[in-house]
Colleague: 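Questions regarding the structure given below will be posed in turn.
Reminder, nothing fancy here: chain letters follow the sequence lines and each chain counts from 1.
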Amino acid sequence: MKLTEETPYRFRVERHGDMRVPGIVFASRALLPSGETEKPLEQVANVATLPGITGASYAMPDMHWGYGFPIGGVAATDVRRGGVVSPGGVGFDISCGVRLLTADLTSGALSPVMERLMDGLNRAVPHGPGRGAVWKLSGPGEMTAILREGSRYAVERGYGTDNDLERCEDHGAVGDAVPEGVSERAVRRGLGQVGSLGSGNHFLEVQVVTEVHDTKAAEAFGLRADQVCVMIHCGSRGLGHQTCTDHVRTIDRRMSRHELRVPDRQLACAPVDSPEGRAYLGAMAAAANYSRANRQLLQAAASRVFADTTGRPLELVYDISHNLAKLETHEVDGERRELCVHRKGATRALPPGHPDLPSGLAGAGQPVLVPGSMGTSSYVLTGVPGGAAFHSTCHGAGRQQSRHQAARATRVGELRAELRERGVVVRGASARGLAEEAPAAYKDVSTVVEAAEGGGLCRKVARLVPVGVVKG
DNA sequence: ATGTCC
């Protein structure tokens, strides 16, 4: 793979084969995939062959191998020029994302009640694979409301306030959702999981702000040094997974009818303006809304525990997803164009003054929430004017070991002791889950964030470190 | 990520 260094944080994959545009990788030399691990770069090149792709096939510094697209991949296709949508460009966990909350507390006030707080969160926040949820649904009718209205429906039912919706991407619900596009089987899988964390790298963490890099933006976000926060990272559970599976299958079957050929079958796609393309986007929006409702319900559950234990409820900073395709208008070559922007393991990062920001955030930009690996640290970033990759940045630390490798390499007892020594109270984690999520399995999130900032994708606002974690 | 294979 021929890579050209454009800047210390920006590399170009030169066009070759059927690539329609170059690949642009935002990373440092140290973070670049190499040797055996060049597979994610091949995926960047594969994505560059998609019909209608505009600008470049982008990769964020936390990139690693994924289904079809790399995780950390961003690709925009031009809807009016035959642009396609590919479920592999969103991933199986549709609208997986992060919600950040603040408590009006400093770390010192937390320590005396810490164990009790974590016990409360462990009981109130369903976690782990399979069932267990905040809501027991009355039936499929109520599911339709969730799929259409997302966080708005949860708020309507008393699990939050209108102010919360101001601080949610898309005001709490993706428009044009088509609940009928979510199969019966997907609904069945989702019925018992509304308001649950799941497993893998999903978590709820109690965190403390240890560094403020941008005082003004932090203030606008409601963050200050030594502030207690809660970060929730979860997605659309079995419902989103099944929705992706269903639509990959139908789109794959129709590929030849649209005379579409891709270098990897996992890049199955359909023109945005086709029955299959629109059907996927409608179902994806519905699954995204399930994920939004999920995080709204977990906020309510956690807030209640905080209010009971500390006397302080939680307030929403922002909710943003990092697995989604969105129809957005961007200026390309001096022209306004309608693009289908795929962000898979990549986060939207709107700059200050962007019209889609709520008034309270207009001056600061959109909060970008970047969870680090378990027990290390997380970042709050914001968008910058002229941000590349259609206003996108990284989404996390990025795996460097497979789950299998990590499970084999980790001594769970030592890891637990290490976390305890660092002052992190752990609840609910299975031994296997803990091993797979060991910090050694991930890149250093600080290095990733440095590269994203160096590449001109975003700006640092604050760094948060965990003091408590609930995991599946 | 995921009832880690319908």
Colleague: For A/M374 and A/E437, which heavy atoms make the closest approach, and how far apart are they?
Modeller: CE-O, 3.4 Å
Colleague: Just the rounded figure in Å: distance from P of B/dT2 to NE2 of A/H247.
Modeller: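 To the nearest whole Å, that distance equals 19 Å.
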Colleague: One thing to verify: whether A/E436 and A/R432 come together as a salt bridge, which I'm taking to mean a side-chain N less than 4.0 angstrom from a carboxylate O.
Modeller: yes
Colleague: Apply salt bridge (Lys or Arg N to Asp or Glu O under 4.0 Å) to A/R422 and A/E418, showing your working.
Modeller: CA-CA 6 Å; A/R422 294 222 302 260; A/E418 213 178 287; 3.7 Å; yes
Colleague: Is there a side-chain contact between A/V230 and A/E205 (heavy atoms, below 4.5 Å)?
Modeller: no
Colleague: Between A/H322 and A/H233, is the ring centre distance below 6.0 Å?
Modeller: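 When the ring centroids of A/H322 and A/H233 are compared, they turn out to be within the sub-6.0 Å range.
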Colleague: Rounding to an integer number of Å, can you tell me how far A/N294 CG sits from B/dT2 P?
Modeller: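 Answer to the nearest Å: 10 Å.
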Colleague: Under 4.0 Å: is that the gap between some side-chain N or O of A/R237 and OP1 or OP2 of B/dT2?
Modeller: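 The answer is yes; a side-chain N or O of A/R237 sits under 4.0 Å from OP1 or OP2.
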Colleague: Heavy atoms under 4.0 Å, any strand shown: does A/G235 hit a base, just sugar-phosphate, or nothing?
Modeller: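 Result for A/G235 = nothing.
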Colleague: To the nearest 0.5 angstrom, please state how far the CG atom of A/D444 sits from the OG atom of A/S377.
Modeller: 7.5 Å
Colleague: Identify each atom pair where a protein N or O and an N or O of nucleotides 4-6 of chain B are less than 3.5 Å apart, giving names and distance.
Modeller:
none

